[in-house]
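Heads up: the structure comes next, in structure tokens.
Counting starts at 1 for both ligands and their atoms, following the listed order. Both backbone and side-chain heavy atoms feed into the values below; hydrogens, waters and symmetry mates do not. Quick caveat: nothing in here was measured; it's all calculated off a predicted structure.
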Amino acid sequence: MTKMLFDVSACRIDTLHSDWLHRRGIRLSLLRLDLVHPVVSGNKLFKLHYFLKDAIEYNKDTLVTFGGAYSNHLVATACTAQLLNKKSRGIVRGEAAPVLSHTLQQCRSYGMELEFVSREIYRQMQEPGQFIATEDCIVIPEGGYHPLGAKGAGLITTLAGTGHTHIAVASGTATTLAGLLAYS
Ligand SMILES: *Cc1c(COP(=O)(O)O)cnc(C)c1O
């Protein structure tokens with residue numbers, strides 16, 4: 001397996017036991033990606049993996065990414081940036097509310113510089129080639145929605161064990177789903 005930047009060994013597989021499942025011959029297990037890190041939990045660290053590796057390899061000092069006021073991806077980026085001694089900038093969709101969401105407050109606490117843009121501008125910035133990065137930053141699309149994000153999500157399959165017939169996954173940008181499909 002590709003060397004992870006963080007220890008992922010806490011991600012154990014829990015098998016659920018219930019009569020209901022048992023009677024139907026269903027074995028249901030949960031891959032506990034939520035245990036990977038108290039803040040950067042679930043799929044987020046995996047989706048960031050290759051962007052973080054690039055940032056380190058090419059010596060980029062800032063991670064720039066996009067998200068809404070409740071984006072776990074923004075927090076994950078802010079927190080990993082801090083852990084890697086990098087700066088972070090979050091482009092936030094919509095005007096700043098008088099009181100920042102808990103999520104955005106968390107982003108700030110990890111040193112993320114927030115920039116609020118209208119939905120219109122935000123949408124334009126997401127279009128390929130629209131956001132011009134300066135030399136010292138890595139730009140990560142919203143939710144890691146990019147082949148590199150999916151490739152990182154593909155690393156999840158190395159923890160999933162074997163023998164399952166179905167994988168169920170919550171989906172937002174579907175980057176995680178794409179990675180699981182492409183790499184399993
Ligand atoms: C971010 C997140 C998702 C969405 O992941 P995508 O790769 O954008 O589809 C689903 N579930 C949880 C708990 C998340 O934090």
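With sequence neighbours excluded, the residues that form a side-chain contact (heavy atoms from CB on, under 4.5 Å) with Val39 are His37, Val75, Cys79, Gln106, Tyr110.
Atom 1 (C) of ligand 1 has Lys44 NZ, 1.5 Å as its closest protein atom, hydrogens excluded (heavy atom only). Looking only at protein heavy atoms, the nearest one to atom 7 (O) of ligand 1 is Thr176 OG1, 2.6 Å. Closest to atom 5 (O) of ligand 1 among all protein heavy atoms lies Asn43 ND2, 3.0 Å. Nearest protein heavy-atom contact of atom 13 (C) of ligand 1 is Asn72 ND2, 4.9 Å. Closest to atom 8 (O) of ligand 1, if we only count protein heavy atoms, is Thr173 OG1, 2.6 Å. Annotation: atom 11 (N) of ligand 1 to nearest protein heavy atom, Ala170 CB, 3.5 Å.
For the pair Gly42 and ligand 1, no heavy-atom separation below 4.0 Å is found.
Close contacts between ligand 1 and Ser171 involve ligand atoms 9 (O) [criterion: under 4.0 Å to a heavy atom]. The contact set between ligand 1 and Lys47, taken as ligand atoms under 4.0 Å from a residue heavy atom, comprises 5 (O), 6 (P), 7 (O), 8 (O).
In this structure a side-chain-to-backbone donor-acceptor pair under 3.5 Å is present from Gln105 to Leu100.
Geometrically, ligand 1 and Gly172 share a nitrogen or oxygen pair separated by less than 3.5 Å. When only interatomic distances are considered, the shortest N/O to N/O separation between Ala174 and ligand 1 falls below 3.5 Å.
Between Leu155 and Tyr50, the closest side-chain pair of non-hydrogen atoms falls below 4.5 Å.
The closest side-chain donor-acceptor pair between Ser29 and Thr15 falls under 3.5 angstrom.
The distance from atom CG of Asp14 to atom CG of Leu16, rounded to the nearest 0.5 Å, is 7.5 Å.
Annotation: His102, atom NE2; neighbour count of heavy atoms from other residues, nucleotides and ligands within 6.0 Å does not exceed 12.
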CA sep, side-chain torsions, deciding dist, call: Thr65, His73, side-chain hydrogen bond (donor to acceptor under 3.5 Å, both in side chains): CA-CA 9 Å; Thr65 196; His73 164 77; 2.7 Å; yes

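Closest approach of Ser71 and Leu74 over heavy atoms only: OG-N, 3.0 Å.
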